[in-house]
There are 2 protein chains.
Amino acid sequence: MDQPEKEITITDVAKQAGVSMATVSRVVNGNNNVKEITRQKVLAVIDKLHYRPNAVARGLASKKSTTIGVIMPSITELLYANLADGIDDVASMYKYNILLTSFDNGKNEEQQLFNSLLAKQVDGIIYMGEQVSDELYESMLNSRVPVVFAGAVDHKNQIASVNIDYVTAARDVVKLLIDNGNQKIAMVTGDLKNSINGDYRLKGYQQALEQGGINYSSNNVFETVYNLQAGAAVWDAINDSGATAAYVTNDLLAAGIVNAAMAAGKNIPQDFEIITSSNTILCDVTRPQMTSVAQPLYDIGAVAMRMLTKLMNKEIVDELEVRLPYSLVKRDTTKKNN
Amino acid sequence: MDQPEKEITITDVAKQAGVSMATVSRVVNGNNNVKEITRQKVLAVIDKLHYRPNAVARGLASKKSTTIGVIMPSITELLYANLADGIDDVASMYKYNILLTSFDNGKNEEQQLFNSLLAKQVDGIIYMGEQVSDELYESMLNSRVPVVFAGAVDHKNQIASVNIDYVTAARDVVKLLIDNGNQKIAMVTGDLKNSINGDYRLKGYQQALEQGGINYSSNNVFETVYNLQAGAAVWDAINDSGATAAYVTNDLLAAGIVNAAMAAGKNIPQDFEIITSSNTILCDVTRPQMTSVAQPLYDIGAVAMRMLTKLMNKEIVDELEVRLPYSLVKRDTTKKNN
DNA sequence: TTGAAAGCGCTAACAT
DNA sequence: ATGTTAGCGCTTTCAA
């Protein structure tokens with residue numbers, strides 16, 4: 001409103017306050033080696049001039065950007081949005097800004113995103129993808145800045161990660177289904193190449209079957225994609241298979257199945273039980289409401305970010321992999337008798 | 001893997017290639033004033049050394065960060081996530097990175113977020129909040145960098161914005177409800193202090209009533225918050241009011257109402273009709289599926305970002321406010337007869 | 001077509 | 001407690 005938009009710099013403040021740049025810098029950075037009276041003087045000028053330190057210049061000089069990078073699949077998937085929410089809260093708690101990048105499935109642009117974050121001099125990176133290429137994995141290992149996986153697992157256990165025990169979670173689910181009297185249980189999953197599905201959840205599914213004395217058959221594993229239509233589309237196949245229950249790895253997919261089953265006149269949960277995996281708001285929206293593994297998504301994000309702050313500070317973290325507890329929230333797509 | 005993590009700088013490249021920093025800079029920035037042969041030579045060295053320009057240094061020198069700031073309410077609200085999705089796609093198309101900041105309702109931290117984005121030297125800002133304080137509005141007007149509202153309206157029409165015509169959208173909704181034979185129609189909304197609700201949607205609601213020869217009564221306006229529980233909680237009051245239809249301004253809230261009404265044995269849409277406002281995936285998840293205003297959320301985000309790129313380039317934008325077309329998607333919470 | 005050199009706005013020794 | 005000064009890694013005149 002006043003003058004023609006001249007940016008105020010530390011030099012302007014120093015001059016007006018009659019001190020050196022160094023002193024202004026000290027005041028701005030809360031360095032104690034400043035006499036209270038000069039501090040006040042400088043502060044007054046800063047206020048008067050509306051001085052706002054240039055974070056880019058600061059970053060260049062200090063080699064710290066107080067910015068972290070986040071790499072995630074689609075931001076519109078509730079699962080990731082919830083993780084991001086936790087990351088965001090803790091990041092702002094520690095005064096970090098977030099440089100957000102997301103990628104469309106498949107294309108190997110993740111490597112590029114990673115590089116561009118490094119170019120921007122982020123102080124650390126949180127990754128929530130489903131599978132890392134060997135090349136990207138190498139880059140992460142050799143990265144100048146720390147990397148933390150949120151909601152993902154590093155099979156090689158060399159990169160920090162925060163997650164839940166996907167194997168036992170799947171096992172618990174399927175065990176409940178068996179305990180409820182089901183003998184033929186479908187597993188409805190997304191891409192099995194994604195190791196959470198293909199390695200961990202599938203393993204838990206198989207373990208539970210084995211413990212329940214049921215033979216595993218790949219015919220009962222339905223691999224599809226994560227959306228409502230896919231759920232509707234796969235229902236007939238599931239039903240035809242003779243399964244009386246389904247363990248589903250995604251809430252949206254599960255919602256599609258619930259709706260399709262209901263539309264087909266199936267009685268849920270009496271004749272067909274369904275358990276899903278992320279406990280997002282969708283579990284409360286469907287009718288019947290869906291029983292689900294409750295991953296503490298927000299917490300996973302928050303803990304991952306907290307862990308990253310420690311790593312960025314070169315603090316010691318005792319465990320490279322943090323497994324948060326999960327629970328099973330029973331709603332109305334499973335029988336009540338237990 | 002090789003050496004102890006020494007960052008490669010433009011100087012290293014210049015030396016190895018036997019040229020000056022200026023030349024390397026030209027090559028990196030695609031400046032044509034470089035002989036092809038030297039270009040190749042430099043490129044080879046860049047490749048060999050894995051040189052990656054430091055974006056912070058570049059930003060300081062060029063006064064451009066190729067980063068934009070985004071200020072949004074909760075990232076977990078589908079509405080905003082969809083807007084952000086559009087922003088993200090166009091941003092990466094134009095090689096901009098996104099500095100994402102979100103705020104918890106109420107607190108006046110938005111001003112702070114805005115300032116911190118400016119401190120980070122973003123080249124532009126997209127704002128998706130619901131209401132801006134006078135102070136923040138002033139800051140935006142006087143900002144060194146352009147600001148665009150996405151999914152919000154600037155009553156004073158001084159700040160660029162992309163949105164839909166919320167007044168006519170509301171009017172269309174309520175008109176359909178009237179045409180379907182409803183005489184008492186509830187409006188269920190979030191905070192009326194949010195001008196989209198309190199000014200635009202409410203006005204459209206009133207206009208439709210007036211055109212339909214129905215008296216407006218504030219008793220039929222139910223102000224609550226945007227979540228499932230609120231929907232369930234408000235249902236009894238709506239029902240008691242004698243309303244036979246409801247215009248709801250949020251999908252999650254609407255889902256809560258649909259579920260509560262169904263649970264109460266209400267026959268939807270025969271005995272009670274519901275139309276919601278954002279056409280998110282929730283509309284397809286509920287049973288019956290919800291009729292909704294289809295805001296082109298992704299497009300709003302995308303167009304807002306495109307507009308920002310123009311503004312950042314000092315290109316002329318013919319209209320400060322862009323109104324995208326919306327439609328009414330009829331599903332199963334409204335009668336079929338029309 | 002290329003190079004030299006002056007910044008960009010700040011931090012961080014180092015002096016005092 | 002405060003000031004001086006040398007960078008941080010790059011872009012951008014200005015010369016050549």
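Computation of the quantities below employed the complete heavy-atom set of this structure, encompassing side-chain atoms and omitting hydrogens, waters and symmetry-equivalent molecules. Reminder, nothing fancy here: chain letters follow the sequence lines and each chain counts from 1.
Heavy-atom distances under 4.0 Å link DNA chain C to Tyr51(A), Pro53(A), Asn54(A) of residues 33-56 of chain A, given in residue order.
Rounding to whole angstrom units, NZ of residue Lys120(B) and C1' of dG9(C) are separated by 15 Å. Separating the CE atom of Met21(B) from the P atom of dT2(C) is a distance of 16 Å, rounded to the nearest angstrom. At whole-Å resolution of the value, CG in Asn31(B) and C1' in dG3(C) are 14 Å apart. Going from atom NZ of Lys15(B) over to atom C1' of dG9(D) covers 13 Å, rounded to whole Å. For Arg26(A) and dA1(D), the CZ to P distance is 10 Å, given to the nearest whole Å. Across the protein-nucleic acid pair, Leu60(B) atom CG and dT11(D) atom P stand 11 Å apart, rounded to whole Å. Going from atom CD1 of Ile8(B) over to atom C1' of dC8(D) covers 16 Å, rounded to whole Å. For the pair Lys63(B) NZ and dG7(C) P, the computed distance is 13 Å after rounding to whole Å.
Where Gly18(B) and Gly59(A) each meet DNA chain C at their nearest nucleotide, the meeting point lying more 5' is that of Gly18(B).
A side-chain donor from one of Lys120(A) and Thr67(B) sits under 3.5 Å from a side-chain acceptor of the other. No donor-acceptor contact under 3.5 angstrom links the side chains of Asp88(A) and Ser92(A), judged on distance only. In the model, Ser139(A) has a side-chain atom that pairs as donor or acceptor with a side-chain atom of Gln111(A) under 3.5 Å. For the residue pair Ser195(B) / Gln131(B), no side-chain donor-acceptor distance below 3.5 Å is found, with atom types taken as modelled.
No side-chain heavy atom of Pro146(A) sits under 4.5 Å from any side-chain heavy atom of Ile125(A).
Close to dG3(C), at under 4.0 Å from its OP1 or OP2, lies a side-chain N or O of Ser20(B). Taking 4.0 angstrom as the limit, Arg58(A) places a side-chain polar atom (N or O) nearer than this to OP1 or OP2 of dT11(C).
Thr23(A) comes within contact range of the sugar-phosphate backbone alone, with a heavy-atom separation under 4.0 Å but no base atom that close.
For Ile10(A), the side-chain atoms get nearest to dC10(C) when compared with the rest of dC10(C), dG9(D), dG3(D). Of the candidate nucleotides dC10(C), dG3(D), dT12(D), dT12(D) has the atom nearest to the side chain of Ser62(B).
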Show your working on side chain to side chain contact (heavy atoms under 4.5 Å, CB included) between Thr23(A) and Arg39(A) and close with a plain yes or no. CA-CA 8 Å; Thr23(A) 299; Arg39(A) 217 178 65 83; over 6 Å; no
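Under the side chain to side chain contact (heavy atoms under 4.5 Å, CB included) rule, Leu43(A) has a single partner from Val13(A), Val27(A), Val28(A), Thr38(A), which is Val27(A).
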